[in-house]
Amino acid sequence: MSPTPMTTTLPGMPASYAWEATDEEIAARYGVAREEIVRFDLNTLPLTPAYVGELLAAGRFETPLAEYPPGDYGRLVAAAAEAYGVTPAEIVPGAGADEVLDLCARAFLPPGGRAVVAAPSYAMYRVITEQRPARLLTVPRLGPGQGWAFDLPALLTAAREADLVWLCNPNNPTGQVEPAGAIETLLEGLAADVPPGRLPPAVVLDEAYAEFVGSSLLGLRERYPRLVVVRTASKAYGLAGLRVGFGLGTVETVARLAVYRPPGSISTISATVVAEGLRRAELMRTNVAAIVTERGRLAAGLEAAGWSVGPSVTNFLAVDFGSPERAGRVAQALLGRGLVPRTFGAGHPFAGHLRLTVRTPADDDRLIAAATEITAQEE
Ligand SMILES: Cc1ncc(COP(=O)(O)O)c(C=O)c1O
């Protein structure tokens, strides 16, 4: 059984996102104390940065909480522009990267249209596409031997008459990046081969994990004006609970996204704290460096326990158990110990894998100890 409780499906309606089970639900279902539960399934940072508590205690927000947030989120956008090296007019803010992905679909994917994704990738691309409603064509990624890279010729063929291409780099759940130059080649190929009477597809490049590799393809926006790069405060900045993300592109592209931006979807508290977080690039880089070190230690510990850990440039690891059945058994054994992995449903190209987020050294030690026990019990 997956730790995810349910996907809501109503007759004639697209499936909704399968919400993760809460700590309370997992505690009740597996008979573990709530305090024992560690979320290895959500790809967040293990600790909230200390300045957040200080800011909240000071209670000084950009505007009084009795008022609505500033309509343009001017200070938040200015801080993001500085952090990402663009002008404010090249940024649209949203309630998490997820809301920005939704804005992209509203702006570029008409109902009845077609989107393309290289699978496996982030689950929300399917949900958002089907909610338009539009059709999602999935192009299988090359295998682990080729770093789960996208299949360029197949993707170009599938995207030829598409309205939108979802790209994720570094990719969730594989944890790897596309080979150097691959995305540039894809964009050039898309621009060069446009059927008469059509525009090249919009390309949404989700860089939620960009800070873990320290580079971005944002610079390609002038060469490929239908590119939207998506960033977030949820991952390297450690602020997932605040729900702030950004869409970046040319001024014209961002203006098109902004048409669909709902008023006030980012709270004043979130806007104030994230603006401060974006100004603390040094702290973010320190946190990323600590995660990268800990990732190496966790991967080595799990390998020593007999698990097959794929290479990762992100804050999570993909572990290959060879079959969905074995991955399912291991997931149950972990859940019984309060350790929550990300599982992938039957038929998913990653069904034989578990995805595990790097946490604190103490929590990761619990995972390594569990892996060692589980391997011993399997033998
Ligand atoms: C690739 C990718 N994009 C977007 C998101 C969602 O980010 P946010 O919390 O900013 O909505 C996630 C979260 O796991 C993700 O993995």
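Residue indices begin at 1 and follow the sequence shown. We count ligands from 1, going down the list as the structure has it; atoms in each ligand are counted the same way.
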For residues 73-86, run the donor-acceptor check on the side chains, cut-off 3.5 Å, and write out each pair with its distance to 0.1 Å, sequence neighbours left out.
from: Y73; atom 1: OH; to: I266; atom 2: N; distance (Å): 3.1
from: Y73; atom 1: OH; to: I266; atom 2: O; distance (Å): 2.5

ask   = Is the cationic atom of R141 (NZ for Lys, CZ for Arg) positioned less than 6.0 Å from the six-membered ring centroid of F150 and within 45 degrees of its normal?
value = no

Side chain of [X], backbone of [Y]: donor and acceptor closer than 3.5 Å?
X	Y	result
Q332	R329	no
R295	S312	yes
E130	V127	no
R132	L109	yes

Show me the donor-acceptor pairs, under 3.5 Å and distance only, between side chains in residues 49-69 and residues at least two apart or in other chains.
none

Taking only non-hydrogen atoms of [X], do any sit less than 4.0 angstrom from ligand 1?
X	answer
C168	yes
G96	yes
M124	no
R243	yes

ask   = About how many Å separate CG of N171 and OG of S121, when rounded to the nearest 0.5 Å?
value =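 One gets 4.0 Å once the value is rounded to the nearest 0.5 Å.
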
message = Which of the numbered atoms in ligand 1 are under 4.0 angstrom from any heavy atom belonging to S234?
response = 8 (P), 9 (O), 10 (O)

request  = Provide the number and element of each atom of ligand 1 under 4.0 Å from a heavy atom of T232.
outcome  = 8 (P), 10 (O)

Under 4.0 Å from ligand 1, counting heavy atoms only, is it the side chain of [X], its backbone, both or neither?
X	answer
A97	both
E99	neither
N43	neither

ask   = Tell me: protein heavy atom nearest atom 14 (O) of ligand 1, and distance?
value = K235 NZ, 2.8 Å

ask   = Which is closest to atom 2 (C) of ligand 1 by heavy-atom distance: D41, T44, D206?
value =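 Selected option, by shortest heavy-atom distance: D206.
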
inquiry  = Would Y122 count as a polar contact of ligand 1, with the cut-off being nitrogen or oxygen pairs under 3.5 Å?
reply    = no

